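Here's the structure we're looking at; comments come further down.
Bear in mind that the values here come from a model prediction, so they are computed numbers and not experimental data. Ligands are counted one by one from 1 in listed order, and the atoms in each one are counted from 1 as well.
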Amino acid sequence: MQERYADVIVDISSEKLDRVFQYRIPERMEGMLEPGTVVEVPFGKGNRPVRGYVTGISGQAGYDPARMKEIGRVMTDAADEEARLVGLAAWIRNRYGSTMLQALKTVIPVKRKIKEKQRRWIVLALDGDAARERLDFFQRKHQKARARLVEALLDEPELPWELVSEKLNITAAVIRALEEQGIVRVKSEKLYRNPVQGYTGEKKEIRLNEEQQRIVDEITGEWEEDPPGRYLIHGITGSGKTEVYMELIRYAVSRGQQAIVLIPEIALTYQTVLRFYRNFGDRVSVINSRLSQGERYDQFERARNGELDVMIGPRSALFTPFSRLGIIVMDEEHEPAYQSETMPRYHAREVALQRGKMEHARVVLGSATPSLEAYYGAMTGKYRLFRLTRRAGQAELPSVSVVDLRQELREGNRSMLSRSLREAIEERLSSGEQVMLFLNRRGYAGFVSCRSCGHVLTCPHCAVSLSLHRGGKLVCHYCGYEQPAVKNCPRCGSGFIRTFRAGTQQVEEELQREFPRARVLRMDLDTTRGKEDHQKILSAFAGREADILVGTQMIVKGHDFPDVTLVGALAADLSLHIPDYRAAERTFQLLTQAAGRAGRGKSRGLVIIQTYDPDHYAVQAAAAQDYESFYEQEMNYRALAGYPPAGGLFAIHCSGPDEAYLKLACGYLKKFIQQAGAGRGITVLGPADEAVSRIQDQYRMVIYLKHENIGMLTEIKNRIERYVAVNHGFDQVAMQFDIN
Ligand code: ADP
Ligand code: ZN
Ligand code: ZN
């Protein structure tokens, strides 16, 4: 019988993670091992028994088998958190097609020796009246950072240092200055014995309304059910979803369980984090993508040691090593940022569900605009659906109007601002209210449309927009279809047909021409290069240092600006016709979120959507704030075109330094797929150039496979992995897999 060998990682939490050792598999263990299995192996000179994890199995020895050690035993009793996370990594490996090593690195942060940091808190050292007097002074002197800090401390007299520096954007110098003036004190952890007592800030006592309470009752009522519950809360912005999450988490904590709260980074604002601190004191920790591996490891270590009940963060918070995980909350579950951009390209929603299943934890998804996947899941019984239909505070929903840009053109207005938007801006400026204007740009590829009738050129096979390429070709990024560019609109014959381009900088210039006295801030990729620029601009706008904020869609997410009463989407088409089957979904989400930004304070908000395609269902449904009608029409399109969630879509992204070679390799791969999938009803599209066809001298192509059954696509993916592994022709081609 042929000998088999296992690759084993020893001591996962150290830097040795990168090293894999090969061991012989004894006959008695035949069939018992698979990637992720916990084993005991002899290690080092003294053959000390240590525990390790199998990352792969092969029939080939990497060196002389006579000198190779044998696996000691399979540790079936290894039920601790680490073993469970390794199991999760194995699932990720299989689902997304990465190596076991890539999957392990995603799930388990590497330990690095770093200095132990003290946790510091900033405490208000004055009484309320004296502090308010200082606040007044700083405001008069336009010392904005100081004012911001004192104001925050008046609201909450003790704040964690990180919250102040990262979310309030206050430098150490400012804190030191205030400390020297005796306005604040800095406490370190050791002085800080009883953290929860510190919370003397006025805590808003909130009584859940009927809709909210019902959700809490239903979920806690079936807490013990097996399998654990999966829920989707569809609640409009401001309807009180976060209060529901916190009540559920409180319940979990009262039962000695822990909670993970996923929030997209962009929505992890000062207000949100503070709400959790107020409720859970220093039993909550926050991680973000700016933490180094070592810092993340530290936070995970605190979780492992039982110092925490709640972990908040983006995607990677999902891997917090809690031993009694009770609930995973995923807020804004529709956000694209939940999908990893690097291998393994996992989606946090799917991994959350899997972790919930493995550890018997409930999963609660929440959104004002659920992803099609999630809502489809709710319609088909995968999730229990709850609705929150009213705004919780006094705030009213804004009114929304749609402006037809074709009509503006017909009447001679070629500017980026329609007449009604210009008027609305003028009104806000004279009444001292604030305005947000955004361009919902996504991706790079320019689609081609007619400015007279709104017609957009689309691929006859894929129902997505064609992109204009240099040399004048129109290209489909799904199937590779090409046609020459056109001079006149095929629908109305007009010569006003061109790629759609618009930039935030031009908008800013136009605003300055039209409203010379208005103070305008711009937020886009160019103005947010530095790591704090993003926060700086938002704080400045919140501090009323500007009247108008212009930006890309990054401005509409997450932030609360009570004085904003007008939000304008300058060209809804920019995201409506990107070459992506999710274009309409993204547009609907953006427009609905934007609407949620207007009028969060006392006065009612107005939203103006400018578009060349006012009859499009995504625009119409967003204007009517009618999710269900959007969902129905979008599902029809997905079903007709065979896109998820109506069917499975599997993308193979290939890249390499040599264009001709890459094309050839993709051609072979396509042939292999066609053979492997023969007679199974798999549709193969492409290879086609990616929307960005070259990055850093790497050429990029993509092949898409469609099938109604995801299981079938996973099977094909496994066969491709094996095929590619033994075919050296693919050594120079980097490949990433993306299912749905
Ligand atoms: P969402 O997460 O759905 O956007 P939030 O939970 O942030 O909504 O609630 C919006 C605002 O309404 C917050 O200021 C919150 O404190 C307040 N709020 C939520 N529920 C209630 C309630 N039952 N009573 C009073 N205020 C509430
Ligand atoms: Zn036309
Ligand atoms: Zn096509």
Review point. Tyr627 and Tyr375: ring pair (Phe, Tyr, Trp, His ring centres under 6.0 Å), yes or no, with the steps?
Key: CA-CA 10 Å; Tyr627 180 84; Tyr375 207 76; 4.7 Å; yes
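Remark: the Glu211 side chain and the Thr389 side chain contain an N/O donor-acceptor pair separated by less than 3.5 Å. Side-chain atoms of Ser575 and Thr587 include a donor-acceptor pair closer than 3.5 Å. Side-chain contact, Thr611 with Asp573: a donor N or O sits under 3.5 Å from an acceptor N or O. Judged by distance alone, the side chains of Tyr699 and Glu690 never bring a donor and an acceptor atom under 3.5 Å apart. Side-chain atoms of Ser371 and Arg349 include a donor-acceptor pair closer than 3.5 Å. Between the side chains of Ser367 and Glu332, no donor N or O sits under 3.5 Å from an acceptor N or O. Looking at Gln589 and Gln593, their side chains never bring a donor and an acceptor atom within 3.5 Å of each other. A donor-acceptor contact closer than 3.5 angstrom is absent between the side chains of Gln213 and Asn209.
Relative ring orientation between Tyr478 and Tyr581 is described as perpendicular, the plane-to-plane angle rising above 60° on a 0-90° scale split at 30° and 60°.
Ordered by chain and number, Cys450 SG, Cys453 SG, Cys489 SG, Cys492 SG make up the set of protein N, O or S atoms under 2.8 Å of the Zn ion (ligand 2). Residue-and-atom listing of protein N/O/S atoms under 2.8 Å from the Zn ion (ligand 3), sorted by chain and number: Cys459 SG, Cys462 SG, Cys476 SG, Cys479 SG.
Residue Asn209 approaches ligand 1 through these ligand atoms, each under 4.0 Å from one of its heavy atoms: 23 (N). Residue-ligand proximity, Ser239 to ligand 1, at heavy-atom distances under 4.0 Å covers atoms 3 (O), 8 (O). Under a 4.0 Å criterion applied to the non-hydrogen atoms of Glu243, ligand 1 contributes the atoms 6 (O), 15 (C), 16 (O), 19 (C), 20 (N). The ligand atoms of ligand 1 that sit less than 4.0 angstrom from a heavy atom of Arg207 are 22 (C), 23 (N), 24 (N). Close approach to Gly240 involves these atoms of ligand 1, each under 4.0 Å from a residue heavy atom: 1 (P), 3 (O), 5 (P), 6 (O), 8 (O), 9 (O), 19 (C).
Aromatic rings of Tyr383 and Tyr231 (six-membered ring for Trp) have centroids beyond the 6.0 Å cut-off, not under it.
The shortest N or O to N or O distance between Ile206 and ligand 1 is not under 3.5 Å. Of the N or O atoms in Thr237, none lie within a sub-3.5 Å distance of an N or O in ligand 1.
Scanning Arg390, Glu211, Arg275 for the heavy atom closest to atom 6 (O) of ligand 1 points to Arg275.
In this structure, Arg391 has no heavy atom closer than 4.0 Å to ligand 1. For the ligand labelled ligand 1, residue Gly235 lies outside the 4.0 Å heavy-atom shell.
No cation-pi contact links Lys706 to Phe650, judged by a cut-off of 6.0 Å to the six-membered ring centre and 45° from its axis.
Both the backbone and the side chain of Thr242 come within 4.0 Å of ligand 1, counting heavy atoms alone.
A salt bridge links Arg544 to Asp563: at least one charged side-chain nitrogen sits closer than 4.0 Å to a carboxylate oxygen. Salt-bridge check for Arg214 with Glu210: failed, with every basic side-chain N at 4.0 Å or more from each acidic carboxylate O. One finds a salt bridge joining Arg250 and Glu247 here, because a Lys/Arg side-chain nitrogen approaches an Asp/Glu carboxylate oxygen to under 4.0 Å.
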